[in-house]
Protein chains: 2
Amino acid sequence: MHKQDVTIYDVAREAKVSMATVSRVVNGNSNVREETRQRVMDVINRLHYQPNAVAQGLASTRTTTVGLVAPDLTNLYFAELSKGIDDIAHLYKYNIIITSIENQLINESQAIQSLLNKQVDGVIYMSNELPDSTVEAFERTNTPVVLAGTVDSRQQYPSVAIDYKKADTEAFNTMLNDGKKRLALVVGNEDASINHDYRLPAYEEFVAAHQLSSHVYHERRDYSDGYNLYAQLQRDQIDGVLVTRDLIACGIMSAALDAGQKVPGDLEIITASATQLASVVRPSLTAVKQPLYDMGAVAMRLLTKLMNGEKIEEKQIQLPYELMKKATTANKSAG
Amino acid sequence: MHKQDVTIYDVAREAKVSMATVSRVVNGNSNVREETRQRVMDVINRLHYQPNAVAQGLASTRTTTVGLVAPDLTNLYFAELSKGIDDIAHLYKYNIIITSIENQLINESQAIQSLLNKQVDGVIYMSNELPDSTVEAFERTNTPVVLAGTVDSRQQYPSVAIDYKKADTEAFNTMLNDGKKRLALVVGNEDASINHDYRLPAYEEFVAAHQLSSHVYHERRDYSDGYNLYAQLQRDQIDGVLVTRDLIACGIMSAALDAGQKVPGDLEIITASATQLASVVRPSLTAVKQPLYDMGAVAMRLLTKLMNGEKIEEKQIQLPYELMKKATTANKSAG
DNA sequence: AGAAAAGCTGTAAACGCTTGCATCATCACC
DNA sequence: GGTGATGATGCAAGCGTTTACAGCTTTTCT
């Protein structure tokens with residue numbers, strides 16, 4: 001970036017009006033005579049004038065920029081959410097600053113602060129945890145925040161998600177109906193709100209209600225973690241498992257097949273979040289299909305309202321999900 | 001964003017110095033007495049002062065922001081590249097504005113212009129095509145640009161890639177050595193520089209040199225496109241195929257398996273760009289493994305140099321790739 | 001026709017920071 | 001002890017916009 005070649009002054013001079021008028025034309029203010037508007041527009045086009053968004057941001061205190069906070073965009077769950085966000089942001093002329101927070105608290109603070117210093121008009125937050133320090137930073141700057149595909153125990157910010165508890169319960173029921181008795185749950189960080197508030201309670205209530213034993217496993221992040229985890233499942237004679245992430249589910253499935261087990265015969269697998277992956281692998285994964293794109297889109301739309309100062313009626317939005325029975329549960333052929 | 005609560009003036013007043021001095025402290029300028037520096041820092045911390053990056057950007061004409069242009073982040077190829085970019089950007093304190101251009105020329109112009117209006121200090125461009133209008137916009141604003149995982153016939157901008165021609169040739173050779181005679185190539189847009197300049201020539205030269213017939217297929221974008229494409233391959237009795245994207249390769253493989261064919265027995269499949277996907281599916285895909293993360297990282301590092309006004313010696317950088325023989329070519333067990 | 005209202009345009013003060021230049025105090029050196 | 005050089009600080013002019021506010025025209029209405 002260098003000093004700007006053609007500024008609003010140049011346009012004003014050429015069009016023989018004041019810069020205020022040029023500004024009005026640029027911003028579509030209606031208080032401009034049509035003839036003047038046309039003259040200014042001609043000069044703008046002739047000079048290739050483009051308003052400097054930084055100066056606009058400083059003068060207007062609105063940057064038409066939103067922050068997108070996510071742990072990792074190579075995780076398709078977040079990538080697919082982001083796509084919905086991006087499309088709506090584009091529609092409303094917002095640019096997106098991405099900020100990845102690899103679940104390292106130390107850096108999250110800095111990253112968030114840096115984002116807020118850029119004076120973003122709002123933030124979409126996607127992550128399993130919302131640390132206090134981050135909330136404080138949001139509060140300090142009074143920035144509107146919406147959670148996408150994410151829940152937070154505080155219920156302080158609007159969020160767009162699905163009914164995780166109901167979805168998980170439905171998944172367990174499916175496996176139970178298929179005659180599976182040793183059901184397991186594989187989650188990431190157990191302290192994350194989503195697990196703590198929904199998935200674990202759903203699981204514990206389910207096994208309690210059906211007098212089953214409880215088997216909760218913990219996964220880190222990679223395909224290979226899933227693969228390695230299978231040994232434990234086998235040792236514990238698990239015959240049905242709900243896995244949060246489909247990448248992990250794939251790992252478990254591969255390990256099971258490599259161990260000569262039948263899927264779904266010996267082990268049923270359901271993933272609680274389907275991405276592209278779930279339908280690409282063979283056998284295709286039975287999955288809770290969250291409407292990720294829509295969730296992102298709705299979250300972003302919500303944020304535009306908040307940035308616009310509109311009040312919103314319903315804060316915790318739940319979109320419908322679908323339990324898609326594919327080839328890792330009984331009675332279905334490969335999809 | 002609202003008007004800022006605590007500005008550099010407030011700090012100056014409290015610390016009994018001029019705002020210039022506060023600015024010097026904030027920017028680590030060494031021309032400040034240690035005692036003064038300490039006093040200012042204390043006030044900064046006490047008041048929670050955070051510099052307004054927009055004002056800094058306007059005054060300094062540097063926004064510490066770079067643009068990231070990509071067709072689609074749910075395409076893991078770009079997502080994995082982005083991760084390398086993101087990490088290095090973070091290291092050098094740059095924020096990233098993402099801009100997706102879904103290969104729609106009409107909107108690309110607007111999107112790029114909007115990005116440039118934000119006064120980004122540089123741009124990383126990832127896409128199969130670099131339209132003239134985009135180049136013109138870059139030129140007009142004199143913004144440094146680096147291509148990541150992307151090539152352009154103009155060879156005007158630095159790029160970080162691999163030796164596609166060599167890689168493809170190696171892939172074809174592998175299949176030929178496995179006794180395959182009817183080799184095919186599946187690409188996206190044939191006009192894209194990468195295909196036009198490297199993949200197609202590599203293929204045509206190879207079939208010519210070995211007196212094979214030429215079979216080039218065209219794919220759109222989804223898994224299902226790959227799946228449906230298989231019918232054509234089968235009709236043409238293809239027994240070995242190199243597929244640009246691994247998602248498409250998966251589709252072809254699934255279709256082949258569903259048709260009762262053996263992979264690799266009846267059909268060998270190699271993908272020219274491996275992402276997570278290639279190693280997750282069964283059988284795992286033999287693939288050209290591009291060092292996507294590193295390519296992104298190197299590209300971003302290059303961009304920091306350009307933004308810093310440094311001249312760079314080598315413009316077209318090629319990183320080493322690896323041909324990983326997995327389960328869709330002969331003589332290897334599933335990985 | 002005259003007054004009030006409405007429409008259009010310009011003036012100038014922000015917005016919050018950086019930075020060249022000027023100023024003044026310190027210090028070293030002979 | 002005078003002379004530069006050096007270091008620390010302040011002053012003030014930008015950076016390119018937006019937006020009250022004021023002022024001038026034109027329109028509308030009686």
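Only heavy atoms go into these numbers, but all of them, side chains included; no hydrogens, no water, no symmetry mates. Residue numbering restarts at 1 for every chain, and letters A, B, ... go by the order of the sequence lines.
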Query - Any donor-acceptor N or O pair under 3.5 Å, side chains A/E108, A/T134 - result: yes
Query raised in the report: Looking at B/D72 and B/R221, does any basic side-chain N land under 4.0 Å from a carboxylate oxygen?
Result: yes
Report summary line: note: B/N117, atom CG; D/dT18, atom P; distance rounded to Å ~ 12 Å
Report task. Answer yes or no: does a side-chain N or O of B/Y49 lie under 4.0 Å from OP1 or OP2 of C/dC17? Result -> yes
Query raised in the report: Rounded to whole angstroms, how far apart are CG on B/N52 and P on C/dG16?
Result: 7 Å
Report task. Tell me, please, which residues at least two apart from A/D10 pass salt bridge (charged side-chain N to carboxylate O under 4.0 Å, His left out). Result -> A/R13
Query raised in the report: Taking protein heavy atoms under 4.0 Å as touching, what does nucleotides 22-28 of chain C look like 5' to 3' if B marks base contact, S marks sugar-phosphate-only contact and - marks none?
Result: -------
Report task. Let me know, please, whether B/V32 or B/A59 comes out on the 5' side of the other along DNA chain D by nearest nucleotide. Result -> B/V32
Report task. Whole angstrom is fine here: how far is it from CZ in B/R62 over to P in C/dT18? Result -> 12 Å
Query - Rounded distance in Å - OH (B/Y9) to C1' (C/dA14) - result: 11 Å
Query raised in the report: Where do B/L115 and B/I97 land on the side chain to side chain contact (heavy atoms under 4.5 Å, CB included) test, with the steps shown first?
Result: CA-CA 8 Å; B/L115 184 62; B/I97 299 187; 3.7 Å; yes
Query raised in the report: What residues in residues 16-29 of chain B put a non-hydrogen atom under 4.0 Å from any atom of DNA chain C?
Result: B/M19, B/A20, B/S23, B/R24, B/N27
Query raised in the report: Got a sec, which pairs hit side chain to side chain donor-acceptor pair (under 3.5 Å) with one end in residues 294-305 of chain A, sequence neighbours left out?
Result: A/Y92-A/R301, A/R301-A/T304
Report task. Grab the CD-P distance between A/Q50 and D/dT17 for me, whole Å please. Result -> 10 Å
Query raised in the report: Hey, what bend do you get for the helix from C/dA1-D/dT30 to C/dC30-D/dG1 if you fit axes on five pairs at each end, rounded to 10°?
Result: 30°
Report task. May I ask you to verify if any side-chain N or O of B/T36 is less than 4.0 angstrom from the OP1 or OP2 atom of D/dT9? Result -> yes
Query - Integer-rounded Å distance: C/dG10 C1' and A/R33 CZ - result: 14 Å
Query raised in the report: So which nucleotide from C/dT18, D/dT9, C/dT9 ends up closest to the side chain of A/N31?
Result: C/dT9
Report summary line: A/L58 atom CG is separated from D/dG14 atom P, nearest whole Å, by 17 Å
Query raised in the report: In whole angstrom, what separates A/I8's CD1 from C/dT11's C1'?
Result: 14 Å
Query raised in the report: Can B/Q119 and B/T63 be counted as having a side-chain donor-acceptor contact under 3.5 angstrom?
Result: no
Report task. Could you list the residues that satisfy side-chain contact (heavy atoms from CB on, under 4.5 Å) with B/A53, not counting sequence neighbours? Result -> A/N117, A/K118, B/Q56
Query - A/K315 atom NZ, neighbour heavy-atom count above 12 within 6.0 Å - result: yes
Report task. Could you check whether A/E34 gets within reach of a base, just the sugar-phosphate, or nothing at all, counting any heavy atom under 4.0 Å? Result -> nothing
Query - Steps toward side chain to side chain contact (heavy atoms under 4.5 Å, CB included) verdict (A/I112, A/V69) - result: CA-CA 8 Å; A/I112 296 288; A/V69 181; 3.9 Å; yes
Query raised in the report: Between B/R37 and B/A55, which has a closest nucleotide on DNA chain D that is more 5'?
Result: B/R37
Query raised in the report: Does one side chain, of B/T65 or B/N95, offer a donor that lies under 3.5 Å from an acceptor on the other?
Result: no
Report summary line: Closest to the side chain of B/S60, out of C/dC17, C/dC8, C/dT19, is C/dT19
Query raised in the report: Are side-chain N/O atoms of B/D152 and B/Y125 paired as donor and acceptor at under 3.5 Å?
Result: no
Report summary line: Looking only at heavy atoms, the pair that brings B/V17 and B/V40 closest together is CG2-CG2, 4.0 Å
